[in-house]
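Here the structure is laid out as structure tokens; the discussion comes afterwards.
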Amino acid sequence: MVNKLVNKLYNNIRTHLTSYQWHSFLSMVIGICVTDGRKSLKALSYLASSPALSRFFNGDKWPSQLVKSFQRKLVIDLIKRHYWNRRGRNPTVYLLIDGTVLPKRGKDLPKVGLHYDTRTRGLRRGQKLVISSLKVGKLLLPWDFRTYVNKKRCKEEDFKKSTQQAAEMIREFNRSFPLDCNVVVAVDGGLCVKRVIEAADQAGFDLVGRVRRDRRLQDNRNLSKVNSGTVGKLKGINIP
């Protein structure tokens, strides 16, 4: 009886999947079962592998806008449930923006190239993402992402620097975030540049960022020679 059910399920599902997807279908099913059982995928690595599961989900076009909309609704509900109007004041929302490289080897995957990875301090083949997440109290929640493309591997009109993408994410967050909160944008040295700083300033957000030591202040002093705690304006930016 069980064999008949398995064969029927096999035949029905097989017709709806491409050969690329079917190759990793077993890992996908086992991965879901493992997650439901609150066990790590590593515990069943002899049956399912994380790369195989990743290949399955990369093999189809998912409704990203629908997924993002649903995800953001959950994020807003969590913030309201845990921190909204507590003790008579609204929470401070930290918008964290950073870049990361996801190692990928598939030739058919979109926007795969060689990128510098700060974690390994070398070039890695994969997809580079600019990611934003929200830190509210003890909550760390995903919010948005952009995929960066090497200029040499795409059309000029499709190319955007990661700093442009970060600025876009700040403006988009200002339009789409529905709660009236104090917002602080946090970025690393690679994104702490004029267009990102100005995007945060125009949105009325505070910005905290690490400034590279080779930058200069308006009085032409190099930051590497300035004492810690110095308050000033970067050269070309009229914002303290």
Side-chain angles (χ1 to χ4, degrees), residues 57-58 60-102 110-111 115 118 127-151 154-212 233-234 236-240:
F57 287 114
N58 281 326
D60 201 359
K61 292 183 179 180
W62 300 91
S64 57
Q65 293 302 319
L66 181 62
V67 172
K68 184 184 294 185
S69 175
F70 181 73
Q71 167 197 299
R72 290 183 177 181
K73 182 179 182 304
L74 294 177
V75 167
I76 299 301
D77 289 345
L78 278 172
I79 295 175
K80 286 182 177 179
R81 185 187 313 162
H82 293 283
Y83 294 101
W84 190 247
N85 283 334
R86 181 169 291 187
R87 297 180 182 177
R89 63 179 182 180
N90 299 336
T92 295
V93 175
Y94 293 90
L95 177 63
L96 314 178
I97 304 178
D98 199 4
T100 187
V101 177
L102 301 179
K111 301 180 180 180
H115 303 283
T118 55
Q127 293 175 329
K128 182 174 181 179
L129 303 180
V130 180
I131 298 174
S132 68
S133 55
L134 306 185
K135 185 74 170 66
V136 187
K138 295 182 179 180
L139 299 175
L140 181 60
L141 308 164
W143 183 258
D144 200 0
F145 73 93
R146 301 282 193 280
T147 306
Y148 172 82
V149 183
N150 284 341
K151 186 175 182 179
C154 70
K155 296 179 181 179
E156 180 66 28
E157 58 267 24
D158 295 331
F159 173 74
K160 288 184 180 179
K161 294 181 178 180
S162 55
T163 54
Q164 289 176 291
Q165 294 175 324
E168 284 181 359
M169 294 168 85
I170 293 172
R171 290 191 288 267
E172 196 274 340
F173 179 80
N174 187 38
R175 293 191 301 267
S176 61
F177 190 70
L179 304 181
D180 182 19
C181 299
N182 178 42
V183 178
V184 178
V185 179
V187 296
D188 66 2
L191 297 178
C192 194
V193 298
K194 183 176 180 179
R195 61 165 55 96
V196 175
I197 295 172
E198 289 182 342
D201 186 58
Q202 290 166 5
F205 300 156
D206 294 324
L207 183 138
V208 177
R210 182 178 65 83
V211 182
R212 289 179 173 175
K233 296 179 179 180
L234 292 176
I237 304 175
N238 194 32
I239 304 170

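Note: hydrogens, waters and symmetry copies are ignored here, and every other heavy atom, side chains too, is used.
The two residues Val130 and Met169 have their closest heavy-atom pair at O-CE, 3.5 Å. The two residues Ala203 and Ile170 make their nearest non-hydrogen contact at CB-CG2, 4.4 Å. When every heavy atom of Ser162 is checked against every heavy atom of Leu191, the shortest pair comes out as O-CD2, 3.9 Å. Taking every heavy atom of both residues into account, Val196 and Ala167 meet most closely at CG2-N, 4.3 Å. Across every non-hydrogen atom of Pro91 and Cys181, the tightest pair is O-CB, 3.3 Å. Of all heavy-atom pairs spanning Val75 and Pro142, the tightest one is CG2-O, 3.5 Å.
With values rounded to the nearest 0.5 angstrom, Gln165 atom CD is found 7.5 Å from Thr147 atom OG1. Put simply, CD on Gln202 and CZ on Arg171 are 7.0 Å apart, with the number rounded to the nearest 0.5 Å. Atom CZ of Phe177 and atom CG of Leu95 lie 9.5 Å apart (nearest 0.5 Å).
By the side-chain contact (heavy atoms from CB on, under 4.5 Å) test, Ser69 is found to be paired with no residue, residues two or more places apart in sequence or in another chain being considered. Checked against side-chain hydrogen bond (donor to acceptor under 3.5 Å, both in side chains), Ser133 has no partners two or more places apart in sequence or in another chain. Partners of Val184 under the side-chain contact (heavy atoms from CB on, under 4.5 Å) rule, at least two apart in sequence or in another chain, are Thr92, Tyr94, Asn182, Asp206, Val208.
Considering only heavy atoms from C-beta on, Leu141 comes within 4.5 Å of Leu78 through its side chain. Proximity of Phe173 to Val185: side-chain heavy atoms (C-beta onward) are nowhere separated by under 4.5 Å. Between Ile76 and Lys73, the closest side-chain pair of non-hydrogen atoms is not below 4.5 Å. Val93 places none of its side-chain heavy atoms less than 4.5 Å from the side chain of Trp143.
The 12-atom threshold is not exceeded at CZ of Phe145, counting heavy atoms of other residues, nucleotides or ligands nearer than 6.0 Å.
Here Lys68 does not pair with Glu172 in a salt bridge; the nearest charged N to carboxylate O distance is not below 4.0 Å.
Partner of Ile131 under the side chain to side chain contact (heavy atoms under 4.5 Å, CB included) criterion, chosen from Asp144, Thr100, Asp98: Thr100. Each of Arg175, Lys161, Arg195, Arg146 was compared with Glu168 under the salt bridge (Lys or Arg N to Asp or Glu O under 4.0 Å) criterion, and only Arg146 meets it.
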